[in-house]
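A short worksheet on the structure shown next.
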Amino acid sequence: GLLKDFLSVIDITLPQTLQETVANDFNFFLYYQNNQSVRRGLIIPITNEVKAFRALVDHEMDFFTVWENLYSASDPKPERVRAFEDVVYRNIDIRRMQFTQKEDIGFYYAIFKSKKYLIIATSFEGIKIVIDRLFDAL
């Protein structure tokens with residue numbers, strides 16, 4: 001299927017400025033963490049990493065209305081929108097809003113520039129695994 005079909009099925013509507021930068025292909029992944037929880041994520045090819053990153057930053061305050069359906073009903077949710085922070089892993093800039101550290105759940109996104117991929121994940125461990133595998137594939 002195409003990205004637009006997948007997003008339609010899970011009822012996610014991307015902001016127009018982000019839609020303009022994504023390709024039709026995508027990779028959806030499930031990451032089984034600590035044998036007890038499942039974290040979800042997407043790897044999406046993008047046409048312009050600067051515009052894609054800007055679109056995500058511009059819509060950070062709306063992140064939960066856009067991406068809410070990446071989480072299961074049993075996942076802990078933030079009581080309020082928290083501030084995003086920057087972290088770096090293997091020289092890749094990651095923006096994150098951590099809901100809880102104990103369950104390692106939040107909203108994480110990064111641009112893997114050498115491949116022009118947007119990575120979206122619901123756990124820090126999950127996004128690190130994706131980045132590691134992308135580096136391994138280079």
Side-chain angles (χ1 to χ4, degrees):
L2 301 174
L3 177 63
K4 65 179 180 145
D5 300 327
F6 174 78
L7 294 176
S8 177
V9 167
I10 64 171
D11 197 25
I12 289 179
T13 303
L14 298 181
Q16 182 63 35
T17 52
L18 184 56
Q19 284 181 29
E20 294 168 357
T21 66
V22 298
N24 286 322
D25 299 329
F26 73 101
N27 219 333
F28 175 71
F29 63 88
L30 299 173
Y31 179 68
Y32 293 86
Q33 198 162 310
N34 301 327
N35 295 326
Q36 59 187 346
S37 56
V38 178
R39 300 294 180 241
R40 296 154 187 83
L42 292 163
I43 303 168
I44 306 168
I46 52 176
T47 57
N48 184 312
E49 63 265 14
V50 173
K51 285 184 180 181
F53 187 76
R54 181 81 253 158
L56 285 159
V57 168
D58 287 347
H59 289 91
E60 283 181 349
M61 295 308 291
D62 303 323
F63 96 95
F64 209 68
T65 57
V66 174
W67 301 103
E68 178 179 18
N69 291 333
L70 277 182
Y71 303 90
S72 71
S74 62
D75 287 339
K77 308 287 190 298
E79 295 176 12
R80 59 182 172 76
V81 175
R82 298 179 175 173
F84 276 78
E85 63 180 332
D86 295 311
V87 294
V88 177
Y89 178 72
R90 293 190 67 174
N91 210 27
I92 301 290
D93 296 321
I94 300 170
R95 296 277 296 158
R96 76 174 177 186
M97 179 193 298
Q98 195 170 37
F99 302 170
T100 69
Q101 188 172 11
K102 180 181 174 190
E103 287 95 3
D104 185 22
I105 189 164
F107 186 76
Y108 303 80
Y109 67 90
I111 304 287
F112 195 82
K113 292 180 182 179
S114 63
K115 290 284 193 178
K116 284 193 167 185
Y117 288 153
L118 166 61
I119 306 165
I120 295 173
T122 58
S123 77
F124 191 50
E125 187 175 328
I127 200 165
K128 291 190 308 185
I129 292 292
V130 169
I131 290 169
D132 288 342
R133 290 186 179 173
L134 288 172
F135 272 117
D136 290 345
L138 289 179

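All residue numbers in this chain count up from 1 along the given sequence.
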Count I, L, V, M, F, W, Y as connected when their side-chain heavy atoms are under 4.5 Å apart, and connections chain through other members. Are Phe135 and Val88 then in the same cluster?
no

Determine whether Val66 and Leu7 fall in the same hydrophobic cluster, where Ile, Leu, Val, Met, Phe, Trp and Tyr are linked whenever their side-chain heavy atoms lie under 4.5 Å apart.
yes

ILVMFWY network linking Ile120 to Ile131, side-chain heavy atoms under 4.5 angstrom:
no

Does Arg54 form a side-chain contact (heavy atoms from CB on, under 4.5 Å) with Thr17? I'd like the steps, not just the answer.
CA-CA 9 Å; Arg54 181 81 253 158; Thr17 52; over 6 Å; no

Any Lys/Arg nitrogen of Asp104 or Lys128 sitting under 4.0 Å from an Asp/Glu carboxylate oxygen of the other?
no

Walk me through whether Ser8 and Asp5 qualify under side chain to side chain donor-acceptor pair (under 3.5 Å).
CA-CA 5 Å; Ser8 177; Asp5 300 327; over 6 Å; no

For Gln98 and Tyr108, run side-chain contact (heavy atoms from CB on, under 4.5 Å): C-alpha distance rounded to whole Å, both residues' side-chain angles, the deciding distance at 0.1 Å, then the answer.
CA-CA 8 Å; Gln98 195 170 37; Tyr108 303 80; 3.6 Å; yes

Using side-chain heavy atoms (C-beta onward) and a distance below 4.5 Å, is Phe112 in contact with Ile43?
no

Greater than 12 external heavy atoms within 6.0 Å of Arg133's CZ:
no

Between the side chains of Glu125 and Arg39, is the shortest nitrogen-to-carboxylate-oxygen separation below 4.0 Å, so that they form an ion pair?
no

Rounding to 0.5 Å, atoms CE (Met97) and CD (Glu60) come to a distance of 7.0 Å

same_hphob_cluster(Tyr117, Leu138) at 4.5 Å side-chain heavy-atom cutoff:
yes

Test of understanding: clusters of I, L, V, M, F, W, Y form through side-chain heavy atoms closer than 4.5 Å, transitively. Do Phe124 and Val38 belong to the same one?
no

For the CZ atom of Arg95 and the OH atom of Tyr109, what is their distance to the nearest 0.5 Å?
5.0 Å

Please verify the inter-ring angle class for Phe28 with Phe6; under 30° counts as parallel, over 60° as perpendicular, anything in between as tilted.
tilted

Calculate, to the nearest 0.5 Å, the distance between atoms CD1 and NZ belonging to Ile46 and Lys113 respectively.
9.5 Å

Any chance you could lay out the side-chain contact (heavy atoms from CB on, under 4.5 Å) test for Trp67 and Leu14, step after step, and finish with the verdict?
CA-CA 8 Å; Trp67 301 103; Leu14 298 181; 3.3 Å; yes

Mind checking the OG1-CG spacing from Thr47 to Leu118? Nearest 0.5 Å is all I need.
11.0 Å

Starting at CD1 of Ile92, measure out to OG of Ser114 and round the result to the nearest 0.5 Å.
6.5 Å

Give the ring-plane orientation class for Phe99 versus Phe64, where under 30° counts as parallel, over 60° as perpendicular and anything between as tilted.
perpendicular

